2 protein chains.
Amino acid sequence: MKYSSISEAAAVYGIPESTIRYYEKKGLLPLIERDQAGRRLFSERQLALLGAVICLKNTHMPISKIKQYMEWIVEGDSTLERRLEMMQRHRQAVHDEISLMTQYLSGIEEKIERYTKQIQEIKNGEEVRSR
Amino acid sequence: MKYSSISEAAAVYGIPESTIRYYEKKGLLPLIERDQAGRRLFSERQLALLGAVICLKNTHMPISKIKQYMEWIVEGDSTLERRLEMMQRHRQAVHDEISLMTQYLSGIEEKIERYTKQIQEIKNGEEVRSR
DNA sequence: ATACGACTTAAACCATGGTTTAAGTCAACA
DNA sequence: TGTTGACTTAAACCATGGTTTAAGTCGTAT
């Protein structure tokens with residue numbers, strides 16, 4: 001099996017090494033192996049789990065919940081229902097956030113239209129006055 | 001003209017009064033009038049500006065930028081182009097964020113599918129064993 | 001007159017999510 | 001053998017975005 005160092009894992013996801021260490025300390029990355037020198041070894045599986053952490057973090061799940069989720073993964077099949085329920089709730093939360101952002105987006109687009117028109121009007125006015 | 005108190009303004013947007021005071025202190029709400037007793041008076045116009053601040057904040061514009069934007073509004077028509085450009089950039093940023101969230105959303109949906117299947121398989125297995 | 005509720009301020013405090021620093025260990029190469 | 005580079009730790013530090021506290025001022029209803 002191929003293992004990656006922390007610098008390689010960091011490069012894969014484009015995040016600083018310090019963030020990975022921070023996540024491990026917070027309990028978001030259980031089961032990371034070490035070599036004889038104490039350096040972290042990331043298996044493919046560990047890399048995938050780190051990807052899951054990053055996905056949840058980027059969709060605004062708080063660290064405390066991500067931690068709970070990762071603990072359930074380690075616990076095994078007995079937590080499948082709980083994980084399913086958590087992901088269903090999270091899907092809803094992400095969906096709601098996307099809807100809200102989309103609404104705000106159209107507010108922003110209205111502003112852009114207004115500004116564009118106002119600027120055009122001012123330009124037209126200047127054109128007329130300069131004749 | 002009708003004016004609202006800070007508590008009414010807070011109720012309109014469902015935010016704490018303390019947040020409005022904080023925004024004003026940070027320079028996000030210039031030009032708020034006061035009554036003889038020093039209490040804030042929100043005109044319709046001020047309420048609309050507060051709404052704009054909340055829109056920008058909820059789409060993750062940092063307070064320092066929102067402040068810049070509000071200062072440009074106060075400055076008047078000479079800043080129309082700058083405001084337009086800022087809103088165009090922000091539209092792009094919001095759009096990008098929505099895209100990213102949408103991608104992560106399908107990752108979450110995949111997890112939900114996997115969990116659902118696994119749970120079904122385990123249930124089927126139990127059913128068979130119990131006969 | 002006084003008590004109440006709504007408001008005021010400045011300053012301290014808080015939570016979240018990291019980042020930086022300092023001091024040290026290890027493996028490999030010159 | 002010694003120096004270099006990648007890694008380790010714990011603890012301090014930071015930025016962002018508020019929230020809370022303490023002490024005080026008004027205007028109105030009783």
Side-chain angles (χ1 to χ4, degrees), chain A residues 2-43 46-47 50-70 90 93 97 100 104, chain B residues 2-43 46-47 50-70 90 93 97 100 104:
Chain A
K2 213 205 143 210
Y3 284 98
S4 311
S5 68
I6 192 171
S7 58
E8 290 166 335
V12 166
Y13 293 106
I15 60 173
E17 300 176 13
S18 63
T19 301
I20 296 181
R21 293 194 187 100
Y22 170 73
Y23 287 167
E24 191 191 18
K25 191 161 59 175
K26 285 290 182 172
L28 271 49
L29 299 172
L31 305 179
I32 294 187
E33 297 170 66
R34 306 295 180 115
D35 66 9
Q36 320 86 296
R39 280 171 282 177
R40 291 167 185 82
L41 291 178
F42 292 80
S43 64
Q46 285 303 323
L47 284 180
L50 176 54
V53 168
I54 289 170
C55 164
L56 296 176
K57 176 211 87 173
N58 283 345
T59 50
H60 309 133
M61 182 177 285
I63 282 185
S64 56
K65 268 200 171 177
I66 301 178
K67 182 183 173 184
Q68 172 72 267
Y69 177 68
M70 300 310 282
H90 190 54
E97 201 173 334
L100 200 60
Y104 283 125
Chain B
K2 215 207 143 209
Y3 285 98
S4 311
S5 67
I6 192 173
S7 58
E8 290 166 335
V12 166
Y13 293 106
I15 60 174
E17 300 176 14
S18 63
T19 300
I20 296 180
R21 294 195 187 98
Y22 169 73
Y23 286 166
E24 191 191 16
K25 192 163 56 175
K26 285 290 182 171
L28 272 49
L29 298 171
L31 305 179
I32 292 186
E33 299 171 64
R34 306 295 181 116
D35 66 10
Q36 322 84 297
R39 279 171 283 178
R40 290 168 186 82
L41 291 178
F42 292 81
S43 65
Q46 284 304 323
L47 285 181
L50 176 54
V53 168
I54 290 170
C55 164
L56 296 177
K57 176 211 89 174
N58 282 346
T59 49
H60 310 133
M61 182 178 284
I63 282 185
S64 56
K65 268 200 171 176
I66 301 178
K67 182 183 174 186
Q68 172 72 267
Y69 177 68
M70 299 310 280
H90 190 54
E97 200 173 334
L100 200 60
Y104 283 126

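Each chain gets a letter, A, B and so on, in the order the sequences are listed, and its residues count up from 1. For the numbers below, each heavy atom of this structure counts, side chains included, while hydrogens, waters and symmetry mates do not. Predicted, not measured: the structure shown is a model, and the values here were computed from it.
- With a 6.0 Å radius and a threshold of 12 heavy atoms from other residues, nucleotides or ligands, A:K26 has its NZ atom at or below the threshold.
- A straight line from NZ of A:K67 to P of C:dG18 spans 15 Å, rounded to a whole angstrom.
- With sequence neighbours left out, the side-chain contact (heavy atoms from CB on, under 4.5 Å) criterion links A:A11 to no other residue.
- When the side chain to side chain donor-acceptor pair (under 3.5 Å) test is applied to B:S4, no partner is found at least two apart in sequence or on another chain.
- Per the geometry, CG belonging to B:L28 stands 13 Å off P belonging to D:dT16, to the nearest Å.
- When rounded to the nearest whole Å, the span between CD of A:E24 and P of C:dG18 equals 15 Å.
- Toward the 5′ end of DNA chain C lies the nearest nucleotide of A:K26, the other residue of the pair A:Q36 and A:K26 mapping further downstream.
- Pairs of residues two or more places apart, or lying in two chains, that qualify as salt bridge (charged side-chain N to carboxylate O under 4.0 Å, His left out) and include a residue from residues 3-19 of chain B are B:E17-B:R21.
- In this structure B:Y69 satisfies the side chain to side chain donor-acceptor pair (under 3.5 Å) test together with A:Y115, sequence neighbours excluded.
- Under the side chain to side chain donor-acceptor pair (under 3.5 Å) criterion, A:Q68 pairs with A:W72, sequence neighbours left out.
- Sorted by residue number, the members of residues 52-66 of chain A with any non-hydrogen atom under 4.0 Å from DNA chain C read A:K57, A:P62, A:I63.
- Every residue two or more places apart in sequence or in another chain that forms a side-chain contact (heavy atoms from CB on, under 4.5 Å) with A:Y3 is listed here: A:M1, A:E33, A:L41, A:S43.
- Residues satisfying the side chain to side chain donor-acceptor pair (under 3.5 Å) test with A:Q46, not counting sequence neighbours, are none.
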Every protein N/O lying under 3.5 Å from an N/O of nucleotides 19-25 of chain C:
from, atom 1, to, atom 2, distance (Å)
C:dT19, OP2, A:S18, OG, 3.4
C:dT19, OP2, A:T19, OG1, 2.4

Measure all distances between protein nitrogen or oxygen atoms and nitrogen or oxygen atoms of nucleotides 6-8 of chain C, and list the pairs falling under 3.5 Å.
from, atom 1, to, atom 2, distance (Å)
C:dC7, OP1, B:S5, OG, 3.0
C:dC7, OP1, B:S7, OG, 2.9
C:dC7, OP2, B:S7, OG, 3.2
C:dT8, OP1, B:R40, N, 2.8
C:dT8, OP1, B:R40, NH1, 2.8
C:dT8, OP2, B:R21, NE, 3.1
C:dT8, OP2, B:R21, NH2, 3.0
C:dT8, OP2, B:R40, NH1, 3.1
C:dT8, O5', B:R40, NH1, 3.4

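- The separation between A:D35 atom CG and C:dA27 atom C1' is 10 Å, rounded to whole Å.
- Among A:L50, A:I20, A:V53, A:T19, the one residue that satisfies the side-chain contact (heavy atoms from CB on, under 4.5 Å) test with A:Y13 is A:L50.
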